[in-house]
Amino acid sequence: MAKVPAAAVAASGLVGGYGVARWTKKRPLGGVALAAAGSLAAYEWNRQAGPRAATALTVAYVAAFAGSHPLAKKVGAWPAVFAVAGGVAAASWAVTRRA
């Protein structure tokens, strides 16, 4: 089975969570997708880089989710989601590539 990088899982969780919430019109369902991907990414971050890095990246993931809301008021919803997803993916890649 192919290994999917944690950076891709985290970015997909942010984009997918928003997409699910928007298209189903059920925000809690989007939250489930967001949390599931975040949990899987955190597990991989812990495995690859240790608990301190996993904690920091998980905080970044949650902060990105929260920060996308005010950013969306300035640039629009999808651009905000893609921007924060890219930021989390870049941070994840930078931390886990060293491990």
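Just so you know, residue 1 is the first one in the sequence shown, and it goes up from there.
- With sequence neighbours excluded, the residues forming a ring pair (Phe, Tyr, Trp, His ring centres under 6.0 Å) with Tyr18 are Trp78, listed by chain and number.
- Follow the hydrophobic side-chain contacts under 4.5 Å out from Val15 and you never reach Val9; the two are in separate clusters.
- The heavy-atom pair separating Ala72 from Ala77 by the smallest distance is CB-CA, 3.8 Å.
- Evaluation of the side-chain contact (heavy atoms from CB on, under 4.5 Å) rule for Leu71 yields Val75, Ala80, Ala83, Val84 as partners, not counting sequence neighbours.
- Contact record, Pro70 with Ala66: CD-O, 3.1 Å, taken as the closest heavy-atom pair.
- In this structure, Ala21 has no side-chain contact (heavy atoms from CB on, under 4.5 Å) partners at least two apart in sequence or on a different chain.
- The shortest heavy-atom contact between Tyr61 and Ala37 is OH-CB, 4.0 Å.
- For the pair Gly13 and Leu34, the tightest heavy-atom approach, listed with the atom from each and the gap, is O-CD1, 3.6 Å.
- Heavy-atom minimum distance, Ala64 versus Val88: CB-CG2, 3.4 Å.
- Residues passing the side-chain contact (heavy atoms from CB on, under 4.5 Å) test with Val62, sequence neighbours excluded: none.
- Taking every heavy atom of both residues into account, Ala54 and Ala42 meet most closely at CB-O, 3.9 Å.
- Screening residues 29-45 for side-chain hydrogen bond (donor to acceptor under 3.5 Å, both in side chains) gives Glu44-Arg47, Glu44-Gln48, Trp45-Ser92 as the qualifying pairs, with residues at least two apart or on separate chains.
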Check residues 23-31 and write down every donor-acceptor pair under 3.5 Å in which the side-chain atom is one partner and the other belongs to a residue at least two apart or another chain.
| from | atom 1 | to | atom 2 | distance (Å) |
| --- | --- | --- | --- | --- |
| Thr24 | OG1 | Val20 | O | 2.6 |
| Thr24 | OG1 | Lys26 | N | 3.2 |

